[in-house]
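Contents: one structure, followed by commentary.
Just so we're clear, the structure is a prediction, and the values are computed from it rather than from any experiment. Quick note on labels: first sequence line is chain A, next is B, and so on, each numbered from 1. Any value given below was found using the heavy atoms of this structure, including those in side chains, with hydrogens, waters and symmetry copies removed.
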Protein chains: 2
Amino acid sequence: MTSETLVPVFAALGDETRWSILAALGEGDASASALAGRLPVTRQAIAKHLAVLQEVGLVEPVRVGREVRFRVIGAQLTETARGLETVGAQWDRRLAAIREIAEGL
Amino acid sequence: MTSETLVPVFAALGDETRWSILAALGEGDASASALAGRLPVTRQAIAKHLAVLQEVGLVEPVRVGREVRFRVIGAQLTETARGLETVGAQWDRRLAAIREIAEGL
DNA sequence: GATCAGTGCAACCCCAGAGTTGCATGTTGT
DNA sequence: ACAACATGCAACTCTGGGGTTGCACTGATC
């Protein structure tokens, strides 16, 4: 997972409301209307957030009769974590090398 | 690292300019003015971003004479990755349990 | 001590996006 | 067919934040 793919995911994860939506979905799949009953925001606001989350692959729509339930894709979270860890490790190595050179001066 | 601590870090990481700043700092510590020479934004804009990054512990100021160089804290990245992975794993387990029950119906 | 580079602060512009209301469009059940 | 519920779409408000310009301040350097 490249760094460009990562940024929108972080942008999506950088919102409290979306975290509460993800947390609510963590208790089981739910529709936008169902979530609107539990959270202090409108159904339409939730629908927008779900669209954002779906866009970055953190959530997946599942049609159940006339309603659209959403399901958390946990794998995307762990994959994002892997990508972040990789970037961090690279920077750590590079910076360690730089400082080693700097000490040698 | 709790989920509330995590959200501001993601918000900080959810901006392209901040990533380019972090990438530039990955080549070695630098001041806001120095970064302004490499990036297509003003020094003041960079200063704001550095303040945000410092706020969430991704970067650390180091006074060198009359200038203030900033240094990437790679550990914060890996720690954030750990936290994210933990949350993902918890959701995976919980959702797996829920679906197991659902299949039993 | 005069100059110059680096930083800090404040006011301002502008737009993305979080949230709302309102209405139209399905889709299910009776 | 009709009522009820769920979703989708559009327009609107408004705040936050990314970016800018301008100026004041501080610390080196000659």
Discussion item. Does any part of the side chain of A:L84, heavy atoms only, come nearer than 4.5 Å to the side chain of B:L77, both counted from C-beta?
Written reply: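 Yes - at least one pair of side-chain heavy atoms lies under 4.5 Å apart.
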Worksheet entry | Heavy-atom check, side chain of B:I21 versus side chain of B:L39, under 4.5 Å | yes
Round to a whole Å and report the spacing from [atom1] of [X] to [atom2] of [N].
X: B:D15; N: C:dG17; atom1: CG; atom2: C1'; answer: 14 Å
X: A:L35; N: D:dT7; atom1: CG; atom2: P; answer: 9 Å
X: B:L39; N: D:dT20; atom1: CG; atom2: P; answer: 11 Å

For a quick test of reading the model: is some side-chain N or O of [X] closer than 4.0 Å to OP1 or OP2 of [N]?
X: A:T17; N: C:dG19; answer: yes
X: B:S31; N: C:dT7; answer: yes
X: A:H49; N: C:dG17; answer: no

Worksheet item: Which of the following nucleotides, D:dG19, C:dG19, C:dA18, is nearest to the side chain of A:R18?
Response: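 Ranking D:dG19, C:dG19, C:dA18 by closest atom to the A:R18 side chain puts C:dA18 first.
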Item to complete: Please tell me which of the listed nucleotides, D:dT20, C:dG6, D:dT7, lies nearest to the side chain of B:R66?
Response: C:dG6
Worksheet item: Should we say atom CD of A:E60 is surrounded by more than 12 heavy atoms from elsewhere, each under 6.0 Å from it?
Response: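 Buried by this count: over 12 neighbours within 6.0 Å.
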Assess whether one donor atom and one acceptor atom, taken from the side chain of [X] and the base of [N], lie less than 3.5 Å apart.
X: A:K48; N: C:dG19; result: yes
X: B:Q44; N: D:dG22; result: yes
X: A:R43; N: D:dG8; result: yes

Worksheet item: Should B:R69 and B:E67 count as an ion pair when the cut-off is N to O under 4.0 Å?
Response: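 Looking at B:E67 together with B:R69, the answer is yes, because their closest N to O distance falls below 4.0 Å.
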Worksheet item: How is B:R63 classified with respect to the nucleic acid when contacts are heavy atoms under 4.0 Å: base, sugar-phosphate, or nothing?
Response: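 If one applies the 4.0 Å heavy-atom cut-off, B:R63 turns out to touch nothing in the nucleic acid.
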Worksheet entry | Contact nearer the 5' end of DNA chain C, comparing A:G65 with B:A47 |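 By nearest-heavy-atom nucleotide position, the 5'-most residue is B:A47.
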